[in-house]
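Here is the naming used below: chain letters follow the sequence lines, and residue numbers restart at 1 for every chain. In what follows, every heavy atom counts, from backbone to side chain, and hydrogens, waters and symmetry copies are set aside.
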2 protein chains.
Amino acid sequence: MKKIKVVKKQILQRKGDLHSKSYKVESGLLRSYTIDDKGKEHIFMFGPEGWIVTDYVSPNEPCELYIDAIEDSVIVPIEKTSSQDIDLKKFIKRIRVLQNRVIMLMSASAVDRYEHFISTYPNIIQRAPQHMIASYLGITPEALSTLKSQRLRSKKK
Amino acid sequence: MKKIKVVKKQILQRKGDLHSKSYKVESGLLRSYTIDDKGKEHIFMFGPEGWIVTDYVSPNEPCELYIDAIEDSVIVPIEKTSSQDIDLKKFIKRIRVLQNRVIMLMSASAVDRYEHFISTYPNIIQRAPQHMIASYLGITPEALSTLKSQRLRSKKK
DNA sequence: TAAATTTCTTAATCTACATTAATGTATAAA
DNA sequence: TTTATACATTAATGTAGATTAAGAAATTTA
């Protein structure tokens with residue numbers, strides 16, 4: 001149960017690595033993401049303080065995701081083998097986020113996904129750069145930028 | 001632990017229902033899905049024999065998903081409260097499917113998602129109607145249809 | 001069996017978002 | 001402070017997949 005300090009941009013895990021761990025975030029902000037064959041990053045999840053960031057693969061399988069720090073952070077690495085001490089309620093909560101994510105990606109437009117994101121994670125909007133928000137939403141930074149200015153224009157009467 | 005027979009099209013759970021359960025599929029095929037504000041269905045997961053179909057909400061929260069039978073099926077309803085008897089390995093496997101789903105939806109084209117689907121769930125292709133496959137892939141039935149005939153044409157030399 | 005309903009295909013048109021590219025603005029490094 | 005690098009905006013053009021519509025197959029029901 002030792003805490004570790006990591007600096008911004010520090011990589012904790014790469015795709016293909018073995019012995020993947022979970023990371024409890026004490027302070028700061030992590031992210032997990034994939035890189036597709038065209039070299040494009042796709043953010044899977046943000047991990048602000050209080051969250052646990054995991055790649056959902058079995059402890060002996062190679063990782064699917066990259067994990068790195070968006071801000072200087074303090075984290076606690078957790079061995080996945082210690083399956084005992086899993087807080088099931090928290091676990092289900094995190095899966096629910098995933099479930100919502102899939103539903104969102106399938107049924108909502110980019111604007112709706114953005115609206116949903118800012119109401120669900122207002123503080124992350126402030127802390128992560130735009131292109132990462134875009135990456136999480138599944139759109140390009142350019143699309144997010146135009147979407148935002150259209151939103152602004154329509155809000156002032 | 002009693003088995004229940006359900007017939008094709010029988011609805012097991014509606015969005016908003018309380019006391020959501022998990023359903024172990026002994027035989028047949030279930031699906032879970034949402035209906036968006038335009039009345040469009042979006043299939044979240046298929047549940048063939050051996051699978052457990054769940055809406056990932058806490059047992060006391062209202063459901064997010066509809067669950068019904070695509071084929072006549074035999075199922076075992078499981079109370080969610082019995083958190084003890086959860087097979088963690090199977091649980092993680094199912095989350096992994098979800099993780100892959102998100103990654104796919106974010107980074108792959110409709111064709112690639114379809115290719116991935118047929119190689120991962122070859123038997124479901126045969127058993128579920130096309131429009132449901134389309135719904136799972138996040139495209140329209142028309143798009144899937146054209147995509148399929150293009151694929152066929154390009155395969156014969 | 002026929003009739004009704006559901007499912008699948010094909011084609012024309014439309015639209016949300018991607019791509020490309022050029023310009024502007026921060027942040028970090030020298 | 002200047003220069004370089006990363007990040008954000010805006011606009012023009014392109015494209016995957018949506019929508020619409022109409023007909024053909026298949027499946028269900030009577």
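- Looking at heavy-atom distances under 4.0 Å, B/K40 makes contact with sugar-phosphate atoms alone, never a base.
- Taking the side chain of A/A143 as heavy atoms from C-beta on, and the options C/dA18, C/dT10, D/dA18, the nearest nucleotide is C/dA18.
- In terms of position along DNA chain C, the nucleotide closest to B/A128 lies nearer the 5' end than the nucleotide closest to the other residue of the pair B/A128 and A/T140.
- Close to D/dT9, at under 4.0 Å from its OP1 or OP2, lies a side-chain N or O of A/Q130.
- Here D/dC7 presents its P atom at 15 Å from NZ of A/K148, a figure rounded to the nearest Å.
- Residue contacts shown for A/P141 are absent, as no nucleic acid heavy atom lies under 4.0 Å away.
- Remark: P of D/dA16 and CD of B/Q150 are 9 Å apart, rounded to the nearest angstrom.
- Atom P of nucleotide C/dT20 and atom CD of A/E142 are separated by 10 Å, given to the nearest angstrom.
- Between the C1' atom of D/dT19 and the CD1 atom of B/I139 lies a distance of 14 Å, rounded to the nearest Å.
- With rounding to whole Å, A/L147 atom CG is found 13 Å from D/dT10 atom P.
- To the nearest angstrom, C1' of C/dC8 lies 10 Å from CG of B/L144.
- Note on A/V6 and A/Y66: separate hydrophobic clusters, where clusters join Ile, Leu, Val, Met, Phe, Trp and Tyr whose side-chain heavy atoms are under 4.5 Å apart, directly or indirectly.
- Here A/R31 pairs with A/E41 in a salt bridge; the nearest charged N to carboxylate O distance falls below 4.0 Å.
- The residue B/K8 sits close only to the backbone: its heavy atoms come under 4.0 Å of sugar-phosphate atoms, none of a base.
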**Report entry** Verdict with supporting geometry, A/E49 and A/R127, salt bridge (Lys or Arg N to Asp or Glu O under 4.0 Å)
**Finding:** CA-CA 12 Å; A/E49 47 288 316; A/R127 294 159 66 185; 3.0 Å; yes
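- Cation-pi contact between A/R101 and A/Y136: present, with separation from the ring centre below 6.0 Å and deviation from the ring axis of at most 45°.
- Protein atom NZ of A/K9 is 9 Å distant from nucleotide atom C1' of C/dA28, rounded to whole Å.
- For B/V111 and A/S149, each mapped to the nucleotide of DNA chain D holding its nearest heavy atom, the one lying further toward the 5' end belongs to A/S149.
- Summarising the geometry, the separation between NE2 on A/H131 and P on C/dC17 is reported as 20 Å, rounded to the nearest angstrom.
- In this structure, the side chain of A/S145 does not engage the main chain of A/P141 through any donor-acceptor pair within 3.5 Å.
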